[in-house]
Asker: 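Next up is a structure, given as structure tokens.
Chain identifiers are assigned alphabetically (A, B, ...) following the order of the sequence lines, protein sequences preceding nucleic acid strands; residue numbering begins at 1 within each chain. Because the structure is a prediction, the values reported are computed rather than measured.
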2 protein chains.
Amino acid sequence: MPATASRPLRRDAQRNRERIVAAAREVFATRGFAATLDDVAHHAGVGVGTVYRRFPTKEALVEAIFADRIEGVVAVAEQCLAEPSAWDGLTRFMVYACHTHAEDRGLRDVMLSLGMKKRFPDSGDRLETVITELVARAKDEGTLRTDFEATDVPIIFTMVSDLAGAPAGAYDRYLRLVIDGLRACPRNADLGPALTRDQVIGVLSGCVPPVRPRSSAAQ
Amino acid sequence: MPATASRPLRRDAQRNRERIVAAAREVFATRGFAATLDDVAHHAGVGVGTVYRRFPTKEALVEAIFADRIEGVVAVAEQCLAEPSAWDGLTRFMVYACHTHAEDRGLRDVMLSLGMKKRFPDSGDRLETVITELVARAKDEGTLRTDFEATDVPIIFTMVSDLAGAPAGAYDRYLRLVIDGLRACPRNADLGPALTRDQVIGVLSGCVPPVRPRSSAAQ
DNA sequence: ATCTAAACGGAGGGAACTTCTCAACTTCCG
DNA sequence: CGGAAGTTGAGAAGTTCCCTCCGTTTAGAT
């Protein structure tokens, strides 16, 4: 699916575009939004100017790169809804999501900023709907503790994805630990009230670096 | 306990020193290591030059401010060892530590960087010893899952302290969730091998900003 | 009241980062 | 081969931040 193809790119330009996209995927995967366009350009073996010719802003590059990945995650989430066991569906989704976050820090950054609806608002909506459903079904089933809420899911993603840079399998260990705490069990502590959607967004925006590193903090 | 008091400070200097310390505590508490000395100076109502006269580097200020706090945490940890129930001792320590982290982001940053032994190496050693003991006792007691290790403790601190900026009580919710996953329980998943000490240090250094914001990433 | 060493302030040096531009050059392709 | 499309990479312009410098103020002893 080429971009708005008003005219086919010259062959070398096309080749460079592909190089840029490939390099950007790699660089964003390891450094997340913190990656710079100089990095990307250097990695692709082209000048920065070339990157800017193809993608007017860093934001545009991010969108070009992650659109399909995000859709992929949403698709998996929707598949998980079809799982016969609601518990398995929910946990399979969480494991899958954390796995992608650990593999690709850029994807993590995009996904965790989905709630703000600045990028990919449609995918964001769909994902929210699915997660809400997944949680509701698992509670109905009786396997998920009843004081768990859909808003907890992205928070857990944030917590676990701290470990993205860790040696392979580390995030897995802690995700399993957390999931073991999610089971309905009489010995469980009482969690108290869940965070509201807005509170979650507040927390997440503190954990995801902005695409443009300029602005820092309010007062 | 005045610093190496070769000569008593002039009264105005002493007053300013105290103001600086107080302001630094506040500013570091909210912004962590990311706080700037300009911030501190402004907050204290003095010029930056005054801060530098009293504390030769930012590092020195950090050490002056957090030495006693760190010792306080270590002391609590040691008290927790005396708790009759090993489980209560361990969890009380974890809750306490996370509480302090949520209240004071600077303290969090210091504590999580303790393992590198650059600052407060003695307190760091003592804390490590106590945590190891706390974990061992709870496993002996049979209340803590046997695949949990002492190296997991600081990682859990990191995960939960992501939520430090969140509305009051948020970190509490997720800490309780994680702790519920720590109980020995036949239904638990198998966690697999724990992280080594070095791996933990690697993870933590990725989560704690450096005091000096210069260096970013290796190649 | 005077005087001097101590303390002060805060502009700005310098280093490290960014994103993004532009004028000079190169490559493709009809 | 001519010219449009593409490339280049130094650097403009903007951040942020640590720390220094030095003219000015002031505490406090005489």
Asker: Between A:L37 (CG) and C:dT21 (C1'), how many Å, whole number?
Answerer: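 Rounded to whole Å, this separation is 13 Å.
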
Asker: Provide, to the nearest angstrom, the distance between the CG atom belonging to A:D39 and the P atom belonging to C:dC17.
Answerer: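 Those two atoms, CG and P, are 11 Å apart.
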
Asker: To the nearest angstrom, how far is A:F33 atom CZ from C:dC17 atom C1'?
Answerer: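 Value for this atom pair: 19 Å.
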
Asker: Rounded to whole angstroms, how far apart are NE2 on B:H42 and C1' on C:dA11?
Answerer: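 Result: 14 Å.
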
Asker: May I ask you to evaluate whether B:R11 reaches the phosphate of D:dG28, defined as a side-chain N or O under 4.0 Å from OP1 or OP2?
Answerer: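 Yes, within the criterion.
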
Asker: D:dA27 C1' sits how many Å from B:L9 CG, rounded?
Answerer: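 Atom-to-atom, B:L9 to D:dA27, this comes out as 13 Å.
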
Asker: How do B:R15 and A:D12 order along DNA chain D: which one's closest nucleotide is nearer the 5' end?
Answerer: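 First, find each residue's nearest nucleotide; the 5'-ward one identifies A:D12.
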
Asker: Check whether any side-chain nitrogen or oxygen of A:N16 sits under 4.0 Å from OP1 or OP2 of D:dG6, and answer yes or no.
Answerer: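 No, because none of the side-chain N or O atoms of A:N16 sits under 4.0 Å from OP1 or OP2 of D:dG6.
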
Asker: For A:K58 and C:dC17, give me the distance from atom NZ to atom P, rounded to whole Å.
Answerer: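 To the nearest whole Å, that distance equals 14 Å.
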
Asker: Which residues in residues 46-53 of chain A have at least one heavy atom lying under 4.0 Å from any atom of DNA chain D?
Answerer: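 Within residues 46-53 of chain A, the residues near DNA chain D are A:V46, A:G47, A:V48, A:G49, A:T50, A:R53.
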
Asker: May I ask you to say whether A:E128 pairs ionically with A:K117, meaning some side-chain N is under 4.0 Å from a carboxylate O?
Answerer: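 Yes.
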
Asker: Taking CD from B:Q14 and P from D:dG28, how many angstroms apart are they, rounded to a whole number?
Answerer: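 Atom-to-atom, B:Q14 to D:dG28, this comes out as 11 Å.
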
Asker: For A:A189, does its backbone N or O pair with a side-chain atom of B:D180 as donor and acceptor, under 3.5 Å?
Answerer: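 At least one qualifying donor-acceptor pair exists.
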
Asker: Distance-only criterion, 3.5 Å: show the donor-acceptor pairs between side-chain atoms of residues 38-47 of chain A and protein atoms not counting sequence neighbours.
Answerer:
from  : atom 1 : to    : atom 2 : distance (Å)
A:D39 : OD2    : A:R31 : NE     : 3.2
A:D39 : OD2    : A:R31 : NH2    : 2.8
A:H43 : NE2    : A:E26 : OE1    : 3.2

Asker: Round to the nearest Å and state the distance from B:D38 atom CG to C:dA11 atom P.
Answerer: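 In whole Å, C:dA11 P lies 10 Å from B:D38 CG.
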
Asker: Tell me whether the side-chain N/O atoms of B:R54 come closer than 4.0 Å to OP1 or OP2 in C:dC8.
Answerer: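 For C:dC8, OP1/OP2 do have a side-chain N/O of B:R54 under 4.0 Å.
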
Asker: Taking all atoms of both residues into account, what is the closest heavy-atom pair of A:L191 and B:L177, and its distance?
Answerer: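 Answer, listing the atom of A:L191 first, then B:L177: CD1-CD1, 3.5 Å.
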
Asker: Between A:A150 and A:T132, which heavy-atom pair has the shortest distance, and what is it?
Answerer: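 So the two residues come closest at CB-CA, 3.9 Å.
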
Asker: Write down the atom of B:V153, the atom of B:I131, and the distance for their closest heavy-atom approach.
Answerer: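 Where B:V153 meets B:I131 most closely, the heavy atoms are CG2-CG2, 3.8 Å.
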
Asker: Using a cut-off of less than 4.0 Å, is there contact between a side-chain N or O of A:R19 and OP1 or OP2 of D:dG6?
Answerer: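 No, no such contact exists.
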
Asker: Picking from C:dC20, C:dT19, D:dT7, which would you name as closest to the side chain of A:T57?
Answerer: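 My answer, after comparing the listed nucleotides, is C:dC20.
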
Asker: Judged by modelled atom types alone, do A:Y174 and B:D152 share a side-chain donor-acceptor pair under 3.5 Å?
Answerer: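 The answer is yes; a qualifying pair exists.
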
